[in-house]
2 protein chains.
Amino acid sequence: MLNGIGRRRQLEPGEQLMWEGDEAVLVANVIDGVLKLASHSADGGEQILGLAYPSDFLGRPFGETAPYGVEALTDAQICVFERKDFDRFARDHPRLEHKLLERTLTELDRSRRWMMLLGRMNAGQKVASFLLELTDRLGKAGAGGETFVTLPLSRQQMADVLGLTIETVSRQLSRLRSAGLIDTPSRREIVLRDRRELEELAG
Amino acid sequence: MLNGIGRRRQLEPGEQLMWEGDEAVLVANVIDGVLKLASHSADGGEQILGLAYPSDFLGRPFGETAPYGVEALTDAQICVFERKDFDRFARDHPRLEHKLLERTLTELDRSRRWMMLLGRMNAGQKVASFLLELTDRLGKAGAGGETFVTLPLSRQQMADVLGLTIETVSRQLSRLRSAGLIDTPSRREIVLRDRRELEELAG
DNA sequence: CGCTTATTTGATCTTCGTCAACTTATGTGG
DNA sequence: CCACATAAGTTGACGAAGATCAAATAAGCG
């Protein structure tokens with residue numbers, strides 16, 4: 001029902017949809033691909049605040065400035081709306097606003113679970129949790145009950161998501177590999193060999 | 001306009017309003033006091049996911065189970081609604097739902113800023129940021145341009161908020177005291193002597 | 001007052017970050 | 001197709017921040 005005011009847009013990896021601090025002029029729905037929401041600290045370090053997957057909502061309706069930047073990690077397809085159009089439309093369509101409220105509440109819950117991860121987990125637990133979430137979102141079933149994911153992030157980006165360094169992420173993945181919990185056929189591919197054990201590790 | 005279906009309730013420090021995992025049967029508005037939202041990891045460690053101050057909204061409308069527990073830190077006054085009543089009421093009153101959506105979006109932004117704190121700051125920055133946020137929310141102006149706060153949390157709870165240990169929090173406070181940035185007339189009271197410098201530390 | 005609990009302080013130990021070297025991919029131009 | 005260049009990832013050695021363990025103080029409270 002939003003089709004009238006939205007338009008499709010294709011993004012390439014690395015393409016920036018919104019900039020942190022920009023006046024928020026648009027909102028969007030993710031149709032396909034993975035995007036990151038990120039904020040920068042004064043010293044240039046980047047903290048990824050969340051990832052957006054298909055069906056997720058992006059942007060800050062009714063707000064003033066975007067509190068974080070949004071950048072595509074993979075090829076992505078999104079449906080964008082001018083914020084003014086969207087705001088007006090939402091006000092006139094309570095059902096839409098209701099839907100949006102539900103999603104935002106869910107997003108808030110997700111973000112709070114992430115805080116848990118950042119505040120209380122050690123490196124091993126973080127990496128394990130991340131792999132599990134990723135396979136839940138993007139995983140494909142492979143042969144023999146194994147799960148298979150293509151990572152939408154570089155090691156650096158994983159480190160930024162988890163509040164770790166690239167080296168620590170790499171070491172943890174190596175550890176999981178030698179423990180036989182995962183396989184890494186290539187840099188961007190992960191096979192979960194033992195989900196049970198991984199869940200154990202994630203705590 | 002919600003008065004018809006809400007009722008006042010008084011909470012004492014330590015009193016639990018909702019339990020993590022409970023069926024979410026109520027939602028509430030904070031009128032006075034400070035509450036904590038917290039979740040427990042398997043090993044018993046607690047991560048405080050956020051604090052709720054006057055005017056904040058508590059609970060999970062339209063959801064199934066409460067994703068975190070809510071407990072009063074100080075004497076608190078809240079206005080509670082049966083969730084069923086509230087949901088029905090919200091559906092019939094788009095203005096209310098709109099207001100709630102705006103608040104939830106604001107809350108989401110706040111929670112994301114907190115993720116930044118947990119993921120990227122060191123102990124000194126965390127404690128400094130926390131004191132600044134607290135004085136913004138609860139601080140009273142004292143003599144000589146200084147700001148004065150009564151801490152609603154114990155050291156243990158501060159540690160839980162910041163993802164640190166009690167000892168580290170204590171040491172950081174001692175460090176700030178010897179640097180002349182704060183005074184601690186009693187355990188639960190803090191005087192900011194040099195806000196500028198504290199902001200510097202918080203990064 | 002004595003007893004219990006919260007906080008501070010000190011002494012180690014661990015984890016993870018930092019710095020550096022090395023290896024593996026991914027190109028690119030000849 | 002190969003040689004080389006560049007970027008991404010892995011591994012190792014070391015150090016620092018913060019956790020953990022252990023007392024020592026300081027509040028509260030009956």
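Residue numbering restarts at 1 for every chain, and letters A, B, ... go by the order of the sequence lines.
Within the 4.5 Å cutoff, the side chain of A:Leu51 has heavy atoms near those of the A:Leu73 side chain.
Across A:Leu173, A:Ile190, A:Val191, a single residue satisfies side chain to side chain contact (heavy atoms under 4.5 Å, CB included) together with A:Thr184, and that is A:Ile190.
For the pair A:Gln125 CD and C:dT15 P, the interatomic distance rounds to 12 Å; values are reported in whole Å. Counting to the nearest Å, the P atom of C:dT15 and the NZ atom of A:Lys126 are 15 Å from each other. Between the CD atom of B:Gln157 and the C1' atom of C:dT5 there is a distance of 14 Å, rounded to whole Å.
Between A:Asp160 and A:Lys36 no salt bridge is recorded (no basic side-chain N to carboxylate O distance below 4.0 Å).
First and last contacting nucleotides of DNA chain D toward chain B (any atom under 4.0 angstrom from a heavy atom, 5' to 3' order): D:dG18 to D:dA27.
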Each nucleotide N or O in nucleotides 21-28 of chain C that has a protein N or O under 3.5 Å away: list the pair and distance.
residue : atom : partner  : partner atom : Å
C:dT24  : O2   : A:Arg187 : NH2          : 3.0

Any N/O pairs under 3.5 Å between the protein and nucleotides 16-19 of chain C? List them or say none.
residue : atom : partner  : partner atom : Å
C:dC16  : OP1  : A:Ala123 : N            : 2.7
C:dG17  : OP2  : A:Thr165 : OG1          : 3.3
C:dG17  : OP2  : A:Thr168 : OG1          : 2.5
C:dT18  : O4   : A:Arg171 : NH2          : 2.8
C:dC19  : N4   : A:Glu167 : OE2          : 3.2

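The aromatic rings of A:Phe62 and B:His98 sit perpendicular to each other, their planes meeting at more than 60°, with 30° as the lower class boundary.
Among the atoms of the strands shown, only primed sugar atoms or phosphate atoms (P, OP1, OP2) are found under 4.0 Å from some heavy atom of A:Ser154.
Identified under the ring pair (Phe, Tyr, Trp, His ring centres under 6.0 Å) test for residues 102-155 of chain B, with sequence neighbours left out: none. Within the structure, salt bridge (charged side-chain N to carboxylate O under 4.0 Å, His left out) contacts touching residues 143-152 of chain B (residues at least two apart or in different chains) are B:Glu146-B:Arg193.
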For residues 19-27 of chain B, which side-chain N or O atoms pair as donor and acceptor with protein atoms under 3.5 Å away, sequence neighbours left out?
residue : atom : partner : partner atom : Å
B:Glu20 : OE1  : B:His40 : N            : 3.1
B:Glu20 : OE2  : B:Ser39 : OG           : 2.9

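Residues A:Ser111 and B:Ser111 have side chains that bring a donor and an acceptor to within less than 3.5 angstrom of each other.
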- request: Using the salt bridge (Lys or Arg N to Asp or Glu O under 4.0 Å) rule, take B:Glu199 and B:Arg195 through it: C-alpha gap first, then chi angles, then the decisive distance, then the call.
  value: CA-CA 6 Å; B:Glu199 282 165 352; B:Arg195 173 172 250 274; 2.7 Å; yes

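Around atom CD of B:Glu200, no more than 12 heavy atoms belonging to other residues, nucleotides or ligands sit under 6.0 Å away.
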